[in-house]
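A short worksheet on the structure shown next.
All ligand and atom numbering here is 1-based and tracks the order in the structure.
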Amino acid sequence: MDYPIIKLKDKSLKSIRRKHPWVFSGGIYSDMSGLSEGEKVCIADSKNNILGTGHFGQRSIAVRLLSFNQSAIDADFYQKKLQNALETRRFIDLPSEETNAFRLVHGEGDQLPGLVIDVYANCAVVQTHSSGMSQDFSLIEKGLKSLDGIDFDHVIHISAEKNRGQSVLPVEGTEFLENGHTFFANWAKGQKTGFFIDQRENRALLGSLAHGKKVLNAFSYTGGFSIYALKAGAESVHSLDSSEMALKLGEEHLQMNSIAGEKHQSIQADALRFFSEAKVDLYDIIVLDPPAFAKHRSARHKAVQAYKRLNAMTMKKAKAGSLLFTFSCSQVVTPDLFEHTIAAAAMETGRDVRVLKHLHQPPDHPVSIYHPEGEYLKGLLLRID
Ligand code: SAH
């Protein structure tokens, strides 16, 4: 192993010693002009002590660290990391008879920045978020194929960077089980790796409350929350999304779970418009799970305003005594900031609002204690009076 060495300025050593896995370009002393995007590099202090190994990138995060040592990043390296990731999931009973879709790798939470791997039944869907990870796909694939205790029929590569990954996918999706419900993850046409498995536990919570209730699932995508509510005996469920394709896939989920359609209605609409025009006080439970309003720090202020507006509009019209599940999946909006935003929205409406529960991503989306930014999905279960 003979990776180029990047020397750090003293000011960035503190964060590395705290095991934060990102090195920002401003903290680098060396000239980086000879390095290529995605190349493996070692980082060192001014005395040439090696402090870690990672992927180089030309953006503000210049190095994403895969190890805090001098390490060879090869198939064996990935195999060991992946085996550890699998053991962590098995400890929390994933996969199980009822649930055979789970996140095997959650980026920094599994010491693999830039890498997400979701498993759906016998398929592993590898999503790479950096050039370095994209270039390492064949090593990762090798690691996945040599895992102890799990066999994959297909290893799919999709990339968050445009036009990378396998250009022709061997299969466009697969059926899988989540808490005994059947879904189809369509990674060719859908978002993320084909399904939002991060809402598994929150969907189960909705299911436990929905019997006999009228439910609005806003930003429903392919109807994950709706299926749980219908299966639990909800009186009616409305799934609202702006995407026709997502709603169509949602209708297919009804059939796959043998649910007759009469209690369900798909509404194709812009959510903000819907909440400003429609009668929302029909519903006993509303779910608001919008897409990430802010992908970067610079967009945070605008995103906070958007969350506030959406939630205020919903709360203003909500039925007295109803429940609201409200979420944010923007990484740059911290749980505290989100709760303050919802408080500001509540204040604007003058309604009595109580927090019944704080909601999170499930444990197969672990957060490194040294990288709290990994906690991206946060939500509140509120009662509106
Ligand atoms: N709750 C879903 C995931 C939501 S993803 C689940 O459990 O699977 C966010 C969804 O919001 C996407 O399906 C997207 O089509 C939809 N969306 C984005 N902007 C919207 C808007 N303005 N109005 C309604 N839906 C919107």
Side-chain angles (χ1 to χ4, degrees), residues 99 101-103 118 120 125 127 160 173 176-179 181-187 189-207 210 215-232 234 237-254 256-257 264-278 280 285-295 299 302-303 305-311 313-314 324-331 333 359-362 364-365 376-381:
T99 301
F102 61 100
R103 179 153 292 191
D118 287 341
Y120 297 99
V125 185
Q127 194 179 40
F176 65 93
L177 280 177
E178 186 185 274
N179 288 318
H181 306 310
T182 307
F183 292 105
F184 189 86
N186 189 322
W187 45 78
K189 293 196 193 126
Q191 298 193 26
K192 286 205 171 181
T193 59
F195 197 73
F196 289 83
I197 57 178
D198 54 3
Q199 288 287 21
R200 182 197 313 118
E201 293 187 342
N202 301 321
R203 290 186 189 117
L205 177 61
L206 172 68
V215 177
L216 171 65
N217 178 12
F219 305 93
S220 60
Y221 187 51
T222 55
F225 281 99
S226 303
I227 297 296
Y228 278 68
L230 287 161
K231 275 288 203 188
V237 176
H238 294 168
S239 301
L240 181 148
D241 203 281
S242 54
S243 157
E244 188 182 354
M245 196 196 68
L247 290 169
K248 200 169 150 277
L249 292 171
E251 301 276 348
E252 287 170 18
H253 282 153
L254 293 184
M256 287 166 65
N257 289 281
H264 180 257
Q265 193 186 322
S266 293
I267 304 170
Q268 189 189 354
D270 172 74
L272 283 162
R273 200 150 174 195
F274 178 86
F275 283 112
S276 71
E277 291 170 1
V280 171
I285 305 179
I286 297 177
V287 179
L288 286 183
D289 184 23
F293 286 153
K295 296 232 159 76
K302 262 197 165 155
Q305 297 305 320
Y307 286 119
K308 185 175 160 200
R309 197 160 146 242
L310 172 67
N311 279 277
M313 280 170 93
T314 311
L324 174 62
F325 284 75
T326 184
F327 296 99
S328 161
C329 60
S330 302
Q331 191 177 40
V333 176
L359 308 171
H360 307 277
Q361 64 211 56
D364 53 333
H365 294 59
Y376 72 101
L377 179 64
K378 72 248 35 142
L380 296 166
L381 173 58

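- For Glu244, the CD atom counts as loosely surrounded, since its 6.0 Å shell holds 12 or fewer non-hydrogen atoms of other residues, nucleotides or ligands.
- Closest to atom 6 (C) of ligand 1, if we only count protein heavy atoms, is Arg203 NH2, 3.5 Å.
- Residue contacts with ligand 1 for Ala218 are absent, since no atom lies close enough (heavy atoms, distance under 4.0 Å).
- When only non-hydrogen protein atoms are considered, atom 11 (O) of ligand 1 lies nearest to Phe219 CD2, 3.4 Å.
- Near Tyr221, meaning under 4.0 Å from any of its heavy atoms, are these atoms of ligand 1: 2 (C), 3 (C), 4 (C), 8 (O), 13 (O).
- For Phe184, there are no ring pair (Phe, Tyr, Trp, His ring centres under 6.0 Å) partners at least two apart in sequence or on another chain.
- For atom 10 (C) of ligand 1, the nearest protein heavy atom (residue, atom name, distance) is Asp241 OD2, 3.5 Å.
- For the pair Glu251 and Lys248, the minimum side-chain heavy-atom distance is 4.5 Å or more.
- No donor-acceptor distance shorter than 3.5 angstrom exists from the side chain of Lys189 to the backbone of Met245, with no hydrogens or angles considered.
- Residues Ser243 and Gln268 come closest through the heavy atom pair C-NE2, 4.5 Å.
- Nearest to atom 5 (S) of ligand 1 among the protein's heavy atoms is Phe196 CZ, 3.5 Å.
- Atom numbering of ligand 1 starts at 1 in the shown order; those under 4.0 Å from a heavy atom of Ser243 are 15 (O).
- Looking at every heavy atom in both residues, Pro290 comes nearest to Phe327 through CD-O, 3.5 Å.
- In the candidate list Ala269, Ala292, Gly190, Gly223, Ala269 is nearest to atom 24 (C) of ligand 1, counting heavy atoms.
- Heavy-atom proximity to Gln191, at under 4.0 Å, picks out these atoms of ligand 1: 12 (C), 13 (O), 14 (C), 15 (O).
- The shortest N or O to N or O distance between Pro291 and ligand 1 is not below 3.5 Å.
- Closest to atom 1 (N) of ligand 1, if we only count protein heavy atoms, is Asp289 OD2, 2.7 Å.
- Of the protein's non-hydrogen atoms, Ser242 OG, 3.4 Å is the one closest to atom 20 (C) of ligand 1.
- For the side-chain hydrogen bond (donor to acceptor under 3.5 Å, both in side chains) with Arg200, the lone residue among Asn179, Thr99, Asp364 that qualifies is Asp364.
- Considering only non-hydrogen protein atoms, atom 22 (N) of ligand 1 sits nearest to Asp270 OD1, 2.7 Å.
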Please output the side-chain donor-acceptor pairs of residues 191-198 that fall under 3.5 Å, not counting sequence neighbours, one pair per line with the distance.
from: Thr193; atom 1: OG1; to: Asp118; atom 2: OD2; distance (Å): 2.5
from: Thr193; atom 1: OG1; to: Tyr120; atom 2: OH; distance (Å): 2.8
from: Asp198; atom 1: OD2; to: Tyr376; atom 2: OH; distance (Å): 2.7

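- Summary of contacts: the protein heavy atom closest to atom 23 (N) of ligand 1 is Ala271 N, 2.8 Å.
- Judged by distance alone, the side chains of Ser226 and Ser239 do bring a donor and an acceptor atom under 3.5 Å apart.
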